[in-house]
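Notes follow the structure.
A quick note: this is a predicted structure, and the numbers were derived from the prediction, not measured.
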Amino acid sequence: MHSSAPRSPMFPDPISSGTPPVESPMSIDAHRQREIKWMALLPIVPPSQARKNKKVKRLLLEGVPSSVRYLVWCHLTDSKARAIPGVYAQLGKRQRVPAFSDIERDAKTYFPDQTQLHPFDGPLVSLLQAYLNMVPDIQYSSGLTSIAGHLLLLSPEEDAFWIFASMMDAHLRPYFSANTTQLEVDASLLSKAIEVNDPGVCKKLYVTFGIHPGDIARPWFSTLFVGTLPVEYLHRLWDVFLCEGVTLLFRVGLALVQCVRHLLLQATSEEAAMEYLVHPPLSCLPSTADAFLNQALTMKLKDDDIRKQRVKMEAQIKRQTQSRALSSNGPSGMQTSSISLPKAS
């Protein structure tokens with residue numbers, strides 16, 4: 001890895017430069033010291049400022065003990081400020097959403113060992129039932145169950161709901177819209193980033209196999225890599241994602257491509273290549289979650305360029321879509337997102 005590779009601007013000093021280190025198990029004392037640091041920092045940094053705070057960023061790179069992770073996620077999403085007393089309970093009393101049976105099925109499929117998430121009146125089905133009632137224009141997919149389920153494994157139910165709602169509002173709602181513009185844009189940008197980092201792999205995936213860019217981006221971005229990365233790696237990714245945002249997803253995607261590069265070049269079918277990308281062998285990943293995070297943060301990518309290109313390409317696609325709609329159907333109104341909160345009692 002060349003030291004000149006652009007690094008995440010929000011995290012300019014990764015765990016180390018060069019080859020990611022193999023870390024020894026964190027001692028109990030070091031774990032407690034990190035707990036103490038987080039518990040001392042959270043009360044003095046307002047949640048609304050946490051994502052820009054240098055001390056918070058430094059501690060995120062040092063690590064987030066599992067004992068305080070949900071509190072850190074609450075802080076990074078400012079979910080407490082969004083929480084409206086009584087709303088979650090009222091949303092749960094509304095009629096079942098159309099996707100209710102799909103949620104119930106996916107809860108058992110994606111969390112087979114977490115039986116507490118399976119019941120039709122359990123926390124996972126209840127959380128998504130409430131959210132889809134609150135934001136009815138969201139298109140259900142199993143990615144929602146994957147993300148919400150992992151939040152519930154770490155957080156009390158109502159806290160998980162508001163963290164989930166905050167994550168959706170800040171980063172993810174466009175991925176679950178009837179309008180697929182954002183996913184199309186990000187899939188295109190990811191394919192270009194792969195081309196810049198590894199032209200050979202890019203040619204194999206998109207030319208030789210003819211894989212559509214969305215087929216690679218969708219299972220990664222719409223699940224935040226649930227099912228692709230081991231849980232420990234996943235949580236470290238989410239620690240930083242909640243601070244840095246969607247550009248980190250591009251970095252993680254590039255890191256995964258790098259990890260399974262040799263397998264992709266040897267693959268003889270689209271199905272084999274997709275299996276390596278969506279379910280990479282554990283032996284191909286760095287030995288620790290921090291080493292993998294470091295690899296992602298040192299990938300060749302300019303985050304500001306991604307942000308600018310997202311805005312530019314989205315506007316371009318919207319103009320093209322509106323032009324086609326006007327020419328075929330006549331003038332039509334702009335689609336707007338909706339939120340349906342219960343009335344104050």
Side-chain angles (χ1 to χ4, degrees), residues 47-48 70 73-112 114-183 218-219 221-224 226-227 238 241-242 245-246 332-345:
S48 60
Y70 120 76
W73 289 1
C74 281
H75 217 71
L76 290 172
T77 58
D78 199 9
S79 60
K80 296 290 187 183
R82 296 169 181 260
I84 305 173
V87 163
Y88 181 64
Q90 291 182 53
L91 287 169
K93 296 176 182 177
R94 292 187 179 180
Q95 65 181 9
R96 290 185 175 183
V97 295
F100 188 91
S101 60
D102 293 331
I103 299 169
E104 192 175 8
R105 178 202 64 215
D106 290 340
K108 297 174 182 177
T109 300
Y110 291 96
F111 299 95
Q114 284 76 36
T115 55
Q116 74 274 21
L117 300 180
H118 296 176
F120 72 91
D121 58 351
L124 180 49
V125 177
S126 298
L127 187 155
L128 289 174
Q129 159 82 10
Y131 183 76
L132 293 173
N133 266 319
M134 184 175 76
V135 192
D137 63 340
I138 289 292
Q139 302 294 302
Y140 176 76
S141 82
S142 58
L144 295 174
T145 295
S146 299
I147 295 169
H150 272 275
L151 290 175
L152 285 164
L153 295 178
L154 296 176
S155 314
E157 182 177 335
E158 187 165 350
D159 287 336
F161 172 79
W162 291 110
I163 294 173
F164 180 78
S166 299
M167 290 172 66
M168 290 292 291
D169 284 351
H171 308 293
L172 302 176
R173 275 182 66 175
Y175 292 153
F176 301 96
S177 169
N179 181 337
T180 60
T181 297
Q182 191 63 71
L183 186 59
R218 184 179 298 104
F221 289 12
S222 68
T223 65
L224 294 184
V226 173
W238 286 16
F241 167 74
L242 293 177
V246 170
S332 60
M334 289 289 290
Q335 182 181 14
T336 59
S337 59
S338 60
I339 292 181
S340 177
L341 291 173
K343 294 180 180 179
S345 55

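At distances below 3.5 Å, not a single donor-acceptor pair connects side-chain atoms of S155 with backbone N or O atoms of L152. Distance alone, capped at 3.5 Å, places no donor-acceptor pair between the W238 side chain and the W73 backbone.
Ring-plane geometry between H171 and F241 is classed as tilted, the angle between the planes lying from 30 to 60 degrees on a 0 to 90 degree scale.
From F161, atom CZ reaches atom CD of E157 across 10.0 Å, with rounding to the nearest 0.5 Å. In this structure, I147 CD1 and I163 CD1 are separated by 13.0 Å, a value rounded to the nearest 0.5 Å. Taken from OG1 in T223 to OH in Y110, the straight-line distance is 9.0 Å, to the nearest 0.5 Å. Here the straight-line distance linking atom CD of Q129 with atom CG of D121 works out to 11.5 Å at 0.5 Å rounding. Note: F111 CZ to Q116 CD = 9.5 Å, rounded to the nearest 0.5 Å. To the nearest 0.5 Å, the span separating CG on D137 from CG on L132 amounts to 10.0 Å.
The salt bridge (Lys or Arg N to Asp or Glu O under 4.0 Å) search around R82 returns D169, not counting sequence neighbours.
Residues Y140 and T145 bring a donor and an acceptor atom of their side chains to less than 3.5 Å of each other. In the model, N179 has no side-chain atom that pairs as donor or acceptor with a side-chain atom of S177 under 3.5 Å.
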>> Run the side-chain contact (heavy atoms from CB on, under 4.5 Å) test on Y88 and L127 for me, step by step, so that the C-alpha distance in whole Å, both residues' side-chain angles and the decisive distance to 0.1 Å come before the verdict.
In response: CA-CA 8 Å; Y88 181 64; L127 187 155; 3.9 Å; yes
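Among residues at least two apart or in separate chains, salt bridge (Lys or Arg N to Asp or Glu O under 4.0 Å) pairs with a member in residues 99-109 are D102-R105. For the salt bridge (Lys or Arg N to Asp or Glu O under 4.0 Å) condition, the pairs that include at least one residue of residues 159-168, sequence neighbours left out, are K80-D159.
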